[in-house]
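These numbers were taken from a predicted model, which means no experiment stands behind them. By convention in this document, chain letters (A, B, ...) are assigned in the order of the sequence lines, proteins followed by strands, and residues within each chain are numbered from 1.
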2 protein chains.
Amino acid sequence: MPKAEKILEKFNLKKTNFRLELVELFQSSSSSLTADEIRQKINSTNDKVTIYRALTAFEKKCLIHRVPDKSNLIRYALCQKECNQTHHKHNHAHFICNICAKTFCIEDIKLPQINNTSGFKISKTQLTLEGSCPSCN
Amino acid sequence: MPKAEKILEKFNLKKTNFRLELVELFQSSSSSLTADEIRQKINSTNDKVTIYRALTAFEKKCLIHRVPDKSNLIRYALCQKECNQTHHKHNHAHFICNICAKTFCIEDIKLPQINNTSGFKISKTQLTLEGSCPSCN
DNA sequence: TTTATAAACGCAACTCAGTTGCAAATATAT
DNA sequence: ATATATTTGCAACTGAGTTGCGTTTATAAA
């Protein structure tokens, strides 16, 4: 696992205390995070604007990606190591736990190949699963 | 196409002017609708609370179902004729147009069969496609 | 037809996630 | 040491969706 500093460097982001802590938090999370969950878990800031702006910056640089959420919150997870500013591709499924409401990236379930159909041009495919996660069942 | 009155009757909902108009609006829409889109298209009320409560009631009775939305809005589409209060099953894909932002139900794309994996118990599968819709391309 | 009642309506006020503006602070390059 | 762009933090805002409550109305029962 690459160190948080290296990652911020790689993506041309400043190494502030908060952003280092945020990268480390994402690295140590098995599931995805909302802005509010981040605020509760982090020490170096308590300002939601700071958190939202970091998330926007991280997403723009393809360090993190949005994942689905049951209650329509914005929820993020770390991208794969292969992702960078020019190459950004995810072909994994997402899993939402109906008990704890967490969302997980499931790398070993690949997306089905769907072809264009009756006038719809398909450029992206998302597969979202629901049920109960390992720690809830 | 069954008449709106019949539908409200079938689902034990009162036939008010607004709810009749709402059912007809859903029937005549090729894509899904948000509360705000409904407010703009409907004449019999201008109150958003009335709209939200009708949507909640319709959803509870399985007359409509939620569909994904790019900007995390709550978006609904009519259920299939087979759906009722005891039997409610959808196995179609959803398509989000990246140009007009509408969401469509794609009945002829069926969901892949995904099995439980490494501790995750899967009870529901959702397949969401993105691209450009027939009227946008 | 009248009456009773549960469902539906409409208004005001609220909640809460996410955003915007702006001035102050700080990481980093020169 | 200095300059510059990035990041931070506060206050105030936006806009989707919700809650409370009193009134109205569809429907069923008398």
Checklist entry - With under 30° as parallel and over 60° as perpendicular, where do the rings of A:F104 and B:F120 fit, or are they tilted in between? => result perpendicular
Next on the checklist: Can you pull out every side-chain hydrogen bond (donor to acceptor under 3.5 Å, both in side chains) where at least one residue sits in residues 45-58 of chain B? Sequence neighbours excluded, please.
Outcome noted: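 Of all non-adjacent pairs touching residues 45-58 of chain B, those that pass side-chain hydrogen bond (donor to acceptor under 3.5 Å, both in side chains) are B:D47-B:T50.
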Checklist entry - Which residue pairs satisfy the side-chain hydrogen bond (donor to acceptor under 3.5 Å, both in side chains) criterion with at least one member in residues 109-121 of chain A, sequence neighbours excluded? => result A:T117-B:D108
Next on the checklist: For a quick check, tell me whether the side chain of A:R53 and the base of D:dG9 share a donor-acceptor pair closer than 3.5 Å.
Outcome noted: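 Side chain to base: pair found, below 3.5 Å.
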Checklist entry - Is there a donor and acceptor pair, one atom on the side chain of A:R66 and one on the base of C:dG18, closer than 3.5 Å? => result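 It does not, because no donor-acceptor pair links the side chain of A:R66 to the base of C:dG18 below 3.5 Å.
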Checklist entry - Taking only residues at least two apart or on different chains, which pairs with a member in residues 124-137 of chain A satisfy salt bridge (charged side-chain N to carboxylate O under 4.0 Å, His left out)? => result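 Checked against salt bridge (charged side-chain N to carboxylate O under 4.0 Å, His left out) - neighbours excluded - the pairs reaching residues 124-137 of chain A are A:K70-A:E130, A:K124-B:E130, A:E130-B:K124.
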Checklist entry - Tell me, which pairs form a salt bridge (charged side-chain N to carboxylate O under 4.0 Å, His left out) where one or both residues lie in residues 23-38 of chain A, sequence neighbours left out? => result A:E37-A:R75
Next on the checklist: Rounded at 0.5 Å granularity, tell me how far CZ in A:R66 sits from CD1 in A:I74.
Outcome noted: 4.0 Å
Next on the checklist: Let me spell it out: for each of A:R75 and B:N17, pick the nucleotide of DNA chain C with the closest heavy atom. Which residue's pick is nearer the 5' end?
Outcome noted: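 The 5'-side residue here is B:N17.
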Checklist entry - Which heavy atom of A:P112 sits nearest a heavy atom of B:L127, and at what distance? => result CG-CD1, 4.0 Å
Can you check the [X] [atom1] to [N] [atom2] distance for me, whole Å?
| X | N | atom1 | atom2 | answer |
| --- | --- | --- | --- | --- |
| B:F18 | C:dC9 | CZ | C1' | 10 Å |
| B:L8 | D:dT25 | CG | P | 18 Å |
| A:E21 | D:dT7 | CD | C1' | 16 Å |
| B:N12 | C:dA8 | CG | C1' | 15 Å |
| B:D36 | D:dT14 | CG | P | 16 Å |
| B:E59 | D:dG17 | CD | P | 12 Å |
| A:K60 | C:dT19 | NZ | P | 14 Å |
| B:L55 | C:dC9 | CG | P | 11 Å |

Next on the checklist: For C:dT19 and A:Y52 - does any side-chain N or O of the residue sit under 4.0 Å from the phosphate oxygens OP1/OP2?
Outcome noted: no
Checklist entry - Would you say a side-chain N or O of B:R19 is under 4.0 Å from OP1 or OP2 of C:dC9? => result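 So the side chain of B:R19 is within the cut-off, an N or O lying under 4.0 Å from OP1 or OP2 of C:dC9.
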Checklist entry - Taking DNA chain D as the partner, which of residues 37-50 of chain B come within under 4.0 angstrom of it by heavy atom? => result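 DNA chain D contact set from residues 37-50 of chain B: B:K48, B:V49.
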Close N/O contacts between protein and nucleotides 28-30 of chain C (under 3.5 Å):
| from | atom 1 | to | atom 2 | distance (Å) |
| --- | --- | --- | --- | --- |
| C:dT28 | OP1 | A:K15 | N | 3.2 |

Next on the checklist: Exactly one of A:K15, A:R19, A:K61 should register a salt bridge (Lys or Arg N to Asp or Glu O under 4.0 Å) with A:E9. Which one does?
Outcome noted: A:K15
Item to check | B:N137-B:S132 side chain donor-acceptor pair, cut-off 3.5 Å | outcome: yes
